[in-house]
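Remarks on the structure that follows.
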Number of protein chains: 2
Amino acid sequence: MQKYVKELKYHKLKITPQRLDILKFLDNNRVHPSADEIYQAIKIDSPALSKTTVYNNIDVMVKNNIIKSFRFMDSNELRFDYKTTEHYHFICRECKSIYDIDISLPYFEKFKNYKHKVEEFYGDYKGVCENCLKNNSKNK
Amino acid sequence: MQKYVKELKYHKLKITPQRLDILKFLDNNRVHPSADEIYQAIKIDSPALSKTTVYNNIDVMVKNNIIKSFRFMDSNELRFDYKTTEHYHFICRECKSIYDIDISLPYFEKFKNYKHKVEEFYGDYKGVCENCLKNNSKNK
DNA sequence: TGTTAGATTGTAACTATTACATTATAGTTA
DNA sequence: TAACTATAATGTAATAGTTACAATCTAACA
Ligand SMILES: [Mn+2]
Ligand SMILES: [Mn+2]
Ligand SMILES: [Zn+2]
Ligand SMILES: [Zn+2]
């Protein structure tokens, strides 16, 4: 818990139980949950929690680079990640699980002398995950 | 116009004025418009158009691979593209223009023997476009 | 030309998110 | 420790984009 307090203090953000709950939940549940999933999970032990608080804190933490937000190509809801270092995502079209892809790709090298100045890259992959491949022969 | 009729016929879709309008608009305006932008533009000459029709037809055309849909990481609205061949997008953080990036990248080769079966890739780039670089020295 | 499956329309509902006003509290100060 | 104040939490209402639905219409075909 001290880890989260330290992180918030570093960014000059007030330490509130709600913020600690959100950080703890994201850290312990690396499934890239949506705002509502975070809200529903925390509400079990802290029924007074407001969804607005979840949104507010998610915003401020994303702005401070404590957590990361992203969105899948075919989904309309934002998802959140405790991990802020460069990585990509793989979503399984069968079970909808989201996996981290830590392979680094040479995205920017290609654009050294490109007409536009490329600063950021966002990418994600889709397919069938190893579990679904194992359980369902039709995906082979 | 015959081009669009042919395309719709090939997919066994009825030829309606609304469908032809949407296809023609997307073909002649390669700016990756949103559903509402398509609607607003066509409504000028065809005021009876319903937004539901735009959504319905966009859906059916995406499903038939006549047009492509995508979404930018920080936007909540879908955008549409007449071009369905593999390509990526670059969005300018200054003027918000969206450019096609036709450079092919070796995304899938990396995953030949990967634990998950990778089938699709989606990616987009962000930065400052050549026009904004020219017009604004602070971006250099 | 009549028939009908599928398309169009307008309205209402829905989902994710944001705005806003009120109340509460974390962190600071006396 | 008590008081103060800037910031945070809460609940409600508003918004944006999209989808559901029922009534009406029309493209395609016999
Ligand atoms: Mn991740
Ligand atoms: Mn494009
Ligand atoms: Zn799976
Ligand atoms: Zn620009």
Side-chain angles (χ1 to χ4, degrees), chain A residues 1-2 4-23 25 32-43 45-64 66-67 69-80 96, chain B residues 1-2 4-23 25 32-43 45-64 66-67 69-80 96:
Chain A
M1 215 60 172
Q2 200 48 42
Y4 313 126
V5 172
K6 216 173 140 186
E7 183 81 60
L8 292 170
K9 275 211 173 113
Y10 176 78
H11 293 281
K12 300 189 197 328
L13 298 173
K14 281 190 183 171
I15 318 301
T16 69
Q18 292 87 345
R19 285 176 179 171
L20 294 174
D21 284 348
I22 291 169
L23 279 175
F25 178 76
H32 312 90
S34 65
D36 190 63
E37 283 165 353
I38 296 168
Y39 169 67
Q40 298 298 341
I42 297 174
K43 212 174 46 139
D45 288 321
S46 309
L49 180 69
S50 160
K51 195 180 267 192
T52 305
T53 299
V54 174
Y55 276 107
N56 287 342
N57 285 325
I58 275 168
D59 281 355
V60 79
M61 288 180 194
V62 168
K63 276 185 189 119
N64 283 277
I66 298 169
I67 65 174
S69 77
F70 65 97
R71 191 194 293 272
F72 271 92
M73 51 190 133
D74 45 9
S75 162
N76 54 332
E77 68 185 359
L78 281 168
R79 302 194 151 268
F80 303 92
K96 310 293 177 201
Chain B
M1 214 62 173
Q2 201 48 41
Y4 313 126
V5 171
K6 216 172 141 186
E7 183 82 60
L8 291 169
K9 274 210 174 114
Y10 178 78
H11 291 282
K12 300 191 197 328
L13 298 172
K14 281 190 182 170
I15 319 300
T16 69
Q18 293 85 346
R19 283 175 181 172
L20 294 175
D21 284 348
I22 291 168
L23 279 175
F25 178 76
H32 311 90
S34 65
D36 190 63
E37 283 164 354
I38 296 168
Y39 169 68
Q40 297 298 340
I42 297 173
K43 210 172 47 135
D45 289 321
S46 309
L49 180 69
S50 159
K51 196 179 265 192
T52 305
T53 299
V54 174
Y55 277 108
N56 287 343
N57 285 324
I58 274 168
D59 280 357
V60 81
M61 290 181 195
V62 168
K63 275 184 191 120
N64 283 276
I66 298 170
I67 64 173
S69 77
F70 64 97
R71 192 193 293 272
F72 272 92
M73 52 190 130
D74 44 10
S75 162
N76 52 334
E77 67 185 0
L78 280 168
R79 301 194 152 268
F80 303 91
K96 310 293 178 201

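So that the names make sense, note that chain A is the first sequence line, chain B the second, and so on, each numbered from 1. These figures come from a predicted structure and were not determined experimentally.
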Expressed in angstrom and rounded to an integer, what is the separation of B:Arg71 atom CZ from D:dG17 atom P?
11 Å
Does any part of the side chain of B:Phe80, heavy atoms only, come nearer than 4.5 Å to the side chain of B:Val62, both counted from C-beta?
yes
Along DNA chain D (nearest heavy atom to each residue), the more 5'-positioned of B:Asp36 and B:Lys9
B:Asp36
Separation of C:dC20 P from A:Tyr55 OH (nearest whole Å):
18 Å
Tell me whether A:Arg19 contacts the main-chain N or O of A:Lys14 through its side chain, where contact means a donor paired with an acceptor under 3.5 Å.
yes
Atom-to-atom span, NZ of A:Lys63 to C1' of D:dA8 - whole angstrom:
14 Å
One pair to check against side chain to side chain contact (heavy atoms under 4.5 Å, CB included): A:Leu20 and A:Leu8. What are the steps and the verdict?
CA-CA 9 Å; A:Leu20 294 174; A:Leu8 292 170; 4.0 Å; yes
Take atom CG of A:Leu8 and atom P of D:dT7, then tell me their distance rounded to the nearest Å.
16 Å
N/O donor-acceptor pair under 3.5 Å between A:Arg71 side chain and B:Asp74 backbone
no
Residues which pass ring pair (Phe, Tyr, Trp, His ring centres under 6.0 Å) with B:Phe70, listed by chain and number, not counting sequence neighbours:
B:His32, B:Phe72, B:His89
What N/O pairs connect the protein and nucleotides 7-11 of chain C at under 3.5 Å? Give each pair on its own line.
from: C:dA7; atom 1: OP1; to: B:Arg19; atom 2: NH1; distance (Å): 3.1
from: C:dA7; atom 1: OP1; to: B:Arg19; atom 2: NH2; distance (Å): 3.0
from: C:dT8; atom 1: OP1; to: B:Thr16; atom 2: OG1; distance (Å): 2.5
from: C:dT8; atom 1: OP1; to: B:Gln18; atom 2: OE1; distance (Å): 3.3
from: C:dT8; atom 1: OP2; to: B:Asn57; atom 2: OD1; distance (Å): 3.1
from: C:dT8; atom 1: OP2; to: B:Asn57; atom 2: ND2; distance (Å): 3.1
from: C:dT8; atom 1: O3'; to: B:Gln18; atom 2: NE2; distance (Å): 3.0
from: C:dT9; atom 1: OP1; to: B:Gln18; atom 2: NE2; distance (Å): 3.3
from: C:dT9; atom 1: OP1; to: B:Ala48; atom 2: O; distance (Å): 3.1
from: C:dT9; atom 1: OP2; to: B:Ser50; atom 2: N; distance (Å): 3.1
from: C:dT9; atom 1: OP2; to: B:Thr53; atom 2: OG1; distance (Å): 2.5
from: C:dG10; atom 1: O6; to: B:Thr52; atom 2: OG1; distance (Å): 3.3
from: C:dT11; atom 1: O4; to: B:Thr52; atom 2: OG1; distance (Å): 3.3

Just name whichever nucleotide pairs with C:dA30, Watson-Crick or G-U, keeping both distances under 3.5 Å, else none.
D:dT1
Rounded distance (Å) that lies between atom C1' of C:dT15 and atom CG of A:Asn76:
7 Å
Yes or no on side chain to side chain contact (heavy atoms under 4.5 Å, CB included) for B:Asn56 and B:Val60, after CA distance, side-chain angles and deciding distance?
CA-CA 6 Å; B:Asn56 287 343; B:Val60 81; over 6 Å; no
Please report the distance, rounded to the nearest Å, between OH in A:Tyr39 and P in C:dT17.
14 Å
Rounding to an integer number of Å, can you tell me how far A:Leu78 CG sits from C:dT18 P?
7 Å
Quick one: B:Gln40 CD to D:dA16 P, roughly how many Å, whole number?
13 Å
